[in-house]
Amino acid sequence: MFINISNHPSSKWSPAQLAAAGGKVIDIPFPNVPPTATPAEVEEMAQRLLDEVAKHGFFHTHTAMVQGEFSLTYALTGMLIRLGTEVVVATSFERKSVENPDGSKTVVFEFVQFRRIYAIEQ
């Protein structure tokens, strides 16, 4: 099973990305992390996400893509790896972005592969 913990729902993934996921994808939205959050609050958020993942069965049979705010991504990735979950990130060709007249940017993501994240020593 492939668990997508990001703000990029699998319903919007390319056929190549869905194929690389290798089967059923479960989407778990990555929460907003307030800039004022303390490390303890980020760890609590990571634990809540871990509890959500646990509802879907055994950790060692899952692959999880974790992408979002860095401190929460780091905390959750470490927890998942310690429980035997393979954690990956999606990679893209060179970032293609266009700056719009209003200062916003339009970014095009072209999936290449999922890259495994290895153990985080603490």
Side-chain angles (χ1 to χ4, degrees):
M1 184 180 314
F2 192 99
I3 298 176
N4 167 33
I5 307 168
S6 75
N7 288 321
H8 307 281
S10 59
S11 62
K12 296 183 179 183
W13 288 4
S14 69
Q17 191 168 1
L18 288 169
K24 183 177 181 182
V25 177
I26 294 179
D27 293 318
I28 298 176
F30 197 96
N32 180 46
V33 180
T36 57
T38 65
E41 290 169 328
V42 171
E43 189 169 342
E44 288 172 18
M45 293 175 82
Q47 185 60 56
R48 284 194 298 273
L49 284 168
L50 191 68
D51 293 344
E52 184 66 26
V53 172
K55 292 177 184 177
H56 299 285
F58 298 105
F59 291 101
H60 65 276
T61 62
H62 296 333
T63 297
M65 181 181 84
V66 181
Q67 291 189 202
E69 189 276 338
F70 189 75
S71 64
L72 180 53
T73 295
Y74 186 83
L76 180 59
T77 296
M79 291 174 172
L80 288 166
I81 288 173
R82 283 190 290 281
L83 292 169
T85 303
E86 177 183 53
V87 179
V88 299
V89 295
T91 66
S92 176
F93 285 107
E94 186 173 324
R95 188 177 194 117
K96 295 179 181 179
S97 65
V98 175
E99 190 161 334
N100 301 314
D102 66 358
S104 64
K105 286 186 179 181
T106 301
V107 178
V108 176
F109 178 83
E110 292 183 46
F111 177 77
V112 174
Q113 68 173 344
F114 289 113
R115 181 181 299 134
R116 185 174 182 186
I117 302 296
Y118 290 92
I120 299 170
E121 300 298 324
Q122 293 193 4

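Below, each value reflects all heavy atoms present in this structure, side chains not excepted, and no hydrogens, waters or symmetry copies.
Between I5 and V53, the closest side-chain pair of non-hydrogen atoms falls below 4.5 Å. Counting heavy atoms from C-beta outward, F30 and T73 have side chains that approach closer than 4.5 Å. Side-chain atoms of E43 and M79, non-hydrogen and from C-beta on, do get closer than 4.5 Å to each other.
Rounded to the nearest 0.5 Å, atoms CD (E86) and OG1 (T61) are 11.5 Å apart. Annotation: the span from I117 atom CD1 to L80 atom CG amounts to 11.5 Å, rounded to 0.5 Å. Atoms OG1 and CZ, from T77 and R82 in turn, are 10.0 Å apart once rounded to the nearest 0.5 Å.
The two residues Q17 and M65 make their nearest non-hydrogen contact at NE2-SD, 4.3 Å. Heavy atoms only, all atoms of each residue included: V88 and R116 are closest at CG1-CA, 3.9 Å. Annotation for F111 and A16: closest pair CE2-O, 3.8 Å, computed over non-hydrogen atoms. The heavy-atom pair separating V25 from A21 by the smallest distance is CG2-CB, 3.7 Å.
Take E69 and apply the salt bridge (charged side-chain N to carboxylate O under 4.0 Å, His left out) test, not counting sequence neighbours, and it matches no residue. By the side-chain hydrogen bond (donor to acceptor under 3.5 Å, both in side chains) test, D27 pairs with N4, S10, sequence neighbours left out. Evaluation of the side-chain hydrogen bond (donor to acceptor under 3.5 Å, both in side chains) rule for T106 yields N100 as partners, not counting sequence neighbours. Partners of T36 by side-chain hydrogen bond (donor to acceptor under 3.5 Å, both in side chains), not counting sequence neighbours: none found. When the salt bridge (charged side-chain N to carboxylate O under 4.0 Å, His left out) test is applied to E52, the partners found at least two apart in sequence or on another chain are K55. Every residue two or more places apart in sequence or in another chain was checked for a salt bridge (charged side-chain N to carboxylate O under 4.0 Å, His left out) with E44, and none qualifies.
With hydrogens and angles disregarded, a donor-acceptor distance shorter than 3.5 Å links the side chain of T85 to the backbone of F59. Looking at W13, its side chain does come within 3.5 Å of a backbone N or O of H8 through a donor-acceptor pair. Of the possible donor and acceptor atoms, one in the side chain of T91 sits under 3.5 Å from a partner among the backbone N and O of Q113. Side-chain atoms of T63 never come within 3.5 Å of backbone atoms of F2 as a donor-acceptor pair (strictly under, hydrogens ignored). The closest donor-acceptor contact from the side chain of S92 to the backbone of E110 lies under 3.5 Å.
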Report task. Would you please test I81 and Y118 for side-chain contact (heavy atoms from CB on, under 4.5 Å) and show each step? Result -> CA-CA 8 Å; I81 288 173; Y118 290 92; over 6 Å; no
Report task. Could you give me the CA-CA distance, side-chain angles and deciding distance for V66 and L49, then say whether side-chain contact (heavy atoms from CB on, under 4.5 Å) is met? Result -> CA-CA 10 Å; V66 181; L49 284 168; over 6 Å; no
